[in-house]
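A short worksheet on the structure shown next.
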Amino acid sequence: MKFDSPAAANPIDQLNVIGKPLDRVEGPLKVTGTAPYAYERHDVVPNQAYGHIIGAGIAKGRILSIDLAAAKAAPGVLAIVTADNAGKLAKGDHNIANLLGGPEIQHYHQAVAVVVAETFEQARAAALLIKVKYQPAKGAFDLAAVKDSAIKPKAGLAGESDTAVGDFDSAFTAAPVQLDATYTTPDQSHAMMEPHASIAAWDGDKLTLWTSNQMVGWAVADMAETLGIPKENIHISTPYIGGGFGGKLFLRADALFAALGARAANRPVKIALQRALMMNNTTHRAATIQRIRLGAGKDGRLTAIGHESWSGNLPKGDPETAVAQTRLLYAGANRMTSTRLSELNLPEGSSMRAPGEASGMMALEIAIDEMAEKLSLDPIEFRILNDTQVDPEKPERPFSKRQLTECLRTGAKRFGWDKRKSAPAHVHEGRWLIGMGVAAAFRNNLPMKSAARVKVDKRGIVTVETDMTDIGTGSYTILAQTAAEMLGVDPEDVIVRLGDSTFPVSCGSGGQFGANNSTSGVYAACTKLRELIAKKANVKPEDLAFDDGRVTAGASSWSLAELAGDEGLSAEDHIEYGDLSKKFQQSTFGAHFVEVGVDIYTGVTRVRRMLAVCACGRILNPKTARSQVIGAMTMGVGAALMEELAVDTRQGFFANHDLAGYEVPVHADLPHQEVIFLDETDPISSPMKAKGVGELGICGIAAAVANAIHNATGIRVRDYPITLDKLIDHLPAIS
Ligand code: MOS
């Protein structure tokens, strides 16, 4: 099905099932521990041996020698694979460095060997006996130090590296009110709960991989490329995923080494990447330095908007596209954005939840707060004054839907914004300085091709199959709701099967594109199935009504089960998109409100209240959508206050490579979180009239925390995370 004109009324609009806050269909399995995650799939293949990965001890250089003798002789050892005996390997499209390092080492903890043994303990013990001699080379590890040698990268997913409209320099110089400020965001880690984990088994030249991966299609393609075998010889199964946040978009060392280990040991092999390797062995969100210049008239209208971003990556890596939102968020006639990239020899910088906008909004939305302050305008009114209903760089393109103003107004009312004192450091409660902050939320909506197969059997049970994944987001549930709505059955009579490479290829989970596109793929397949059913009933599809497990046309009525017959009926289709996304800018919007208390003695910040108001198309399931937003707000609090991979700029690695040193918010760090979804449908986005929401909630929230801290204390911190050491010397005197 090609979607190339705005969606008309369709069966989804009935909202019998869609739009209802259904519990997660796989919830009971998960809370009873019976949903097997990759490492726990003890039953899929017998005789599983254990692999343990060894990460490189240098960031850049060469392996001079590896002494395997002691490890080979250790109890239980079945095989050891290194670059010397792995055979010829290539690199998948989505990896920047090789997954197997040696003799050249490209980054710290790049995997250089795997030990396969009868037990996990034996594999780990033997791994400790391996002696690797390195010849280190000089690398670049400090973004600030290499910033000036940055180059202009090629255009990527987020568009051109640079844009310019009007005459920014003149307009900025002429502006009566100016801001020129630099912000930094640190390297961050996905730190998802389930580590990267895989079980691999060979049957002749056919490989089966039970793994944890967001994008089944990419994993198959990259594994085929890496091993040099046909895609048809690879079967991937990833039905349950314990979080990803972008860290499992790609094939990683656990999967490749399970496959190599299994081949070498002639046994199925399972591997979970050790937590202590995860931060340096896998990908992370790259640090940025961002300079923002804003110019406005005394009336508060922006006349000049400039945003430059610098980040680093390994050779052939991409930049963090932190200027993406600045091209679209506020009006202003004269604009420039630029993205610059330096070579750094740290681990791979790559996608982490809302890549680009999450980092960019951390800076831009503080800058907007600072500018409002300079103009003596309320930060909400300043944003509304500079709102736009068209793409500011290409005014002939309207937004498909844009309710930023409504989000800000609704949130202000609900949050009690009128009680905020605009002068900072004016509200105390005992030892706490209290402040409120606001920020816009913004993230693009991406149309992506997505396929599904839908079957109905003689019992009237519907089965949906697609290689879509559920990374804890609720895919199972909203896909069941979609099929139930389309075919008029109870969602309990829908079985959803996901994450298997034998199923039709979906959009996968990423970029907040999963929900809208994967349900649209199921919509397409269900539309085809409705046509088959109509044929069976000998009526026109448009004359059929589907309700309560029955199909009705005028006075005639059949049960779905009887029309399916003994053979059942099956249809497969995909959604693909025309050029609506060229004619219309499709984005999602929101407003974040935060109240903090800052301890006047210690500088400790506690978040006291949070509210997000989101406008992002039809909400398919308000419960799973809300969970996405509160999870994203939680990550935003982490980004604002604690998350930072500490770079050892001499040795070139992230020093805090475990969950003790890399802090993320826990329940005690979070207050009551409230989420409001504005009633919205977007017929430009898809037949579902939905958009993404999973990443919107992390975009802007950290700036709202920073702005609240400023309102509480009068201190403007422009370097994340805002830890107490950045506040303590500047706290107001106690009167
Ligand atoms: Mo997302 S960072 O595309 O999983």
Please check if the side chain of Trp558 supplies one atom and the backbone of Arg550 the other of a donor-acceptor pair under 3.5 Å. no

Please check this pair: side chain of Glu567 against backbone of Ala564, looking for a donor-acceptor N/O pair closer than 3.5 Å. no

Residues Val454 and Cys526: closest non-hydrogen pair is CG2-SG, 3.9 Å

Supply the atom-to-atom distance Phe399 CZ to Ile684 CD1, rounded to the nearest 0.5 angstrom. 13.5 Å

Donor-acceptor pair, distance only, cut-off 3.5 Å: does the side chain of Ser509 make one with the backbone of Thr469? yes

N/O donor-acceptor pair under 3.5 Å between Glu40 side chain and Tyr37 backbone: yes

Check step by step if side chain to side chain contact (heavy atoms under 4.5 Å, CB included) holds for His190 and Thr283. CA-CA 8 Å; His190 309 86; Thr283 61; 3.2 Å; yes

When you measure from the centre of the six-membered ring of Tyr577, is the NZ or CZ of Lys449 closer than 6.0 Å and no more than 45° off the axis? no

Which is it for Asn444 and Gln325 under the side chain to side chain donor-acceptor pair (under 3.5 Å) test, yes or no, and what are the steps along the way? CA-CA 8 Å; Asn444 279 326; Gln325 72 291 318; over 6 Å; no

Please say whether more than 12 non-hydrogen atoms of neighbouring residues, nucleotides or ligands are located less than 6.0 Å from CD in Glu396. yes

Given Lys691 and Asp682, is the salt bridge (Lys or Arg N to Asp or Glu O under 4.0 Å) satisfied, shown in steps? CA-CA 8 Å; Lys691 290 191 283 203; Asp682 191 340; 2.8 Å; yes

Between Lys689 and Ala8 (side chain of the first, backbone of the second, donor and acceptor by atom type, cut-off under 3.5 Å), is there such a pair? yes

Could you check whether any side-chain N or O of Arg453 sits under 3.5 Å from a backbone N or O of Ala525, counting only pairs where one atom can act as donor and the other as acceptor? no

Separation of Ser686 OG from Tyr523 OH (nearest 0.5 Å): 9.0 Å

Dump the intermediate steps for side chain to side chain donor-acceptor pair (under 3.5 Å) on Thr473 and Gln628, then the final yes or no. CA-CA 7 Å; Thr473 40; Gln628 283 299 292; 5.2 Å; no

Within a reach of under 6.0 Å around CD of Glu562, are more than 12 heavy atoms found that belong to other residues, nucleotides or ligands? yes

With distance as the sole test, does Arg397 use its side chain to make a donor-acceptor pair with the main-chain N or O of Ser581 at under 3.5 Å? yes

Tell me, yes or no, whether the heavy-atom count around Lys536 atom NZ, taken from other residues, nucleotides or ligands under 6.0 Å, exceeds 12. yes

Compare all side-chain heavy atoms of Leu498 with those of Pro239 and state whether any distance is below 4.5 angstrom. no

How many angstroms lie between atom CE of Met633 and atom CG of Leu696, to the nearest 0.5 angstrom? 11.0 Å

How far does CD1 of Ile236 sit from CG of Leu251, to the nearest 0.5 angstrom? 7.0 Å

Within the supplied structure, the quantity of interest is the number of heavy atoms (other residues, nucleotides, ligands) at a distance under 6.0 Å from Asp4 CG; does it exceed 12? yes

For the pair Gln481 and Leu620, evaluate side chain to side chain contact (heavy atoms under 4.5 Å, CB included) and give the outcome as yes or no after the intermediate values. CA-CA 8 Å; Gln481 286 176 271; Leu620 303 172; 5.7 Å; no

Any donor-acceptor pair under 3.5 Å from Asp457 side chain to Gly568 backbone: no

Phe677 six-ring face occupied by Arg626 cation (under 6.0 Å, within 45°): no

What's the verdict on salt bridge (Lys or Arg N to Asp or Glu O under 4.0 Å) for Arg383 and Asp387, showing C-alpha distance, side-chain angles and the deciding distance? CA-CA 6 Å; Arg383 287 179 172 87; Asp387 191 26; over 6 Å; no

Looking only at non-hydrogen atoms, find the nearest pair between Cys699 and Ala354 and report the distance. SG-CB, 3.5 Å

Between Ile461 and Val456, is the side chain to side chain contact (heavy atoms under 4.5 Å, CB included) condition met? List the steps. CA-CA 6 Å; Ile461 299 291; Val456 55; over 6 Å; no

Nearest 0.5 Å please: distance from the SG atom of Cys407 over to the CD1 atom of Ile380. 11.5 Å

Tell me, yes or no, whether the heavy-atom count around Lys535 atom NZ, taken from other residues, nucleotides or ligands under 6.0 Å, exceeds 12. no

Just wondering, do Met635 and Ile701 contact through their side chains at under 4.5 Å, heavy atoms? no

Tell me if a side-chain donor or acceptor on Ser506 pairs with a main-chain N or O of Met468 at a distance below 3.5 Å. yes

If you count every heavy atom of other residues, nucleotides or ligands that lies below 6.0 Å from Lys623 atom NZ, does the total exceed 12? yes

Heavy-atom nearest pair, Val494 first then Ala483, reads CG1-CB, 4.0 Å

Kindly state whether the ring of Phe589 and the ring of Phe442 have centres lying under 6.0 angstrom apart. yes

With a 4.5 Å limit on heavy-atom distance, are the side chains of His574 and Pro504 in contact? no

Are side-chain heavy atoms of Asp467 and Asp500 found at a separation under 4.5 Å? no

Using side-chain heavy atoms (C-beta onward) and a distance below 4.5 Å, is Tyr330 in contact with Thr388? no

Check: Val489 and Leu560 side chains under 4.5 Å, non-hydrogen atoms: yes

Test item: Gln389 side-chain N/O and Arg402 main-chain N/O as donor-acceptor pair under 3.5 Å: yes

Candidate pair Ser212 and Lys248, rule side chain to side chain donor-acceptor pair (under 3.5 Å), full reasoning: CA-CA 7 Å; Ser212 182; Lys248 292 177 185 163; 3.2 Å; yes

Asp254 bridged to Arg252 by N-O distance under 4.0 Å: no

Using the salt bridge (Lys or Arg N to Asp or Glu O under 4.0 Å) rule, take Arg414 and Glu674 through it: C-alpha gap first, then chi angles, then the decisive distance, then the call. CA-CA 10 Å; Arg414 176 72 72 106; Glu674 198 183 350; 2.3 Å; yes

Enter the distance from Met448:CE to Asn516:CG here, rounded to the nearest 0.5 Å. 11.5 Å

Tell me if the CG atom of Asp679 is crowded by more than 12 foreign heavy atoms within 6.0 Å. no

Measuring only between side-chain heavy atoms, which start at C-beta, is Leu611 closer than 4.5 Å to Ile676? yes

Please report the C-alpha distance between Arg497 and Glu465 in whole Å, then the side-chain angles of each, then the deciding distance to 0.1 Å, and finally whether the salt bridge (Lys or Arg N to Asp or Glu O under 4.0 Å) criterion is met. CA-CA 5 Å; Arg497 302 175 67 203; Glu465 290 173 341; 2.6 Å; yes

Using the rule given for side chain to side chain contact (heavy atoms under 4.5 Å, CB included), can you reason through Leu249 versus His94, listing the C-alpha separation, both sets of side-chain angles and the distance that settles it, and then say yes or no? CA-CA 9 Å; Leu249 285 168; His94 300 92; over 6 Å; no

Minimum heavy-atom separation for Ala259 and Leu227, please, with both atom names. CB-CD1, 4.4 Å

Do Trp210 and Ser198 come within less than 4.5 Å of each other through their side chains, counting heavy atoms only? no

When you check the gap from the basic side-chain N to the acidic O, do Arg353 and Glu695 get nearer than 4.0 Å? no

Decide, yes or no, whether a salt bridge links Glu572 with Lys528 under the criterion of side-chain N to carboxylate O below 4.0 Å. no

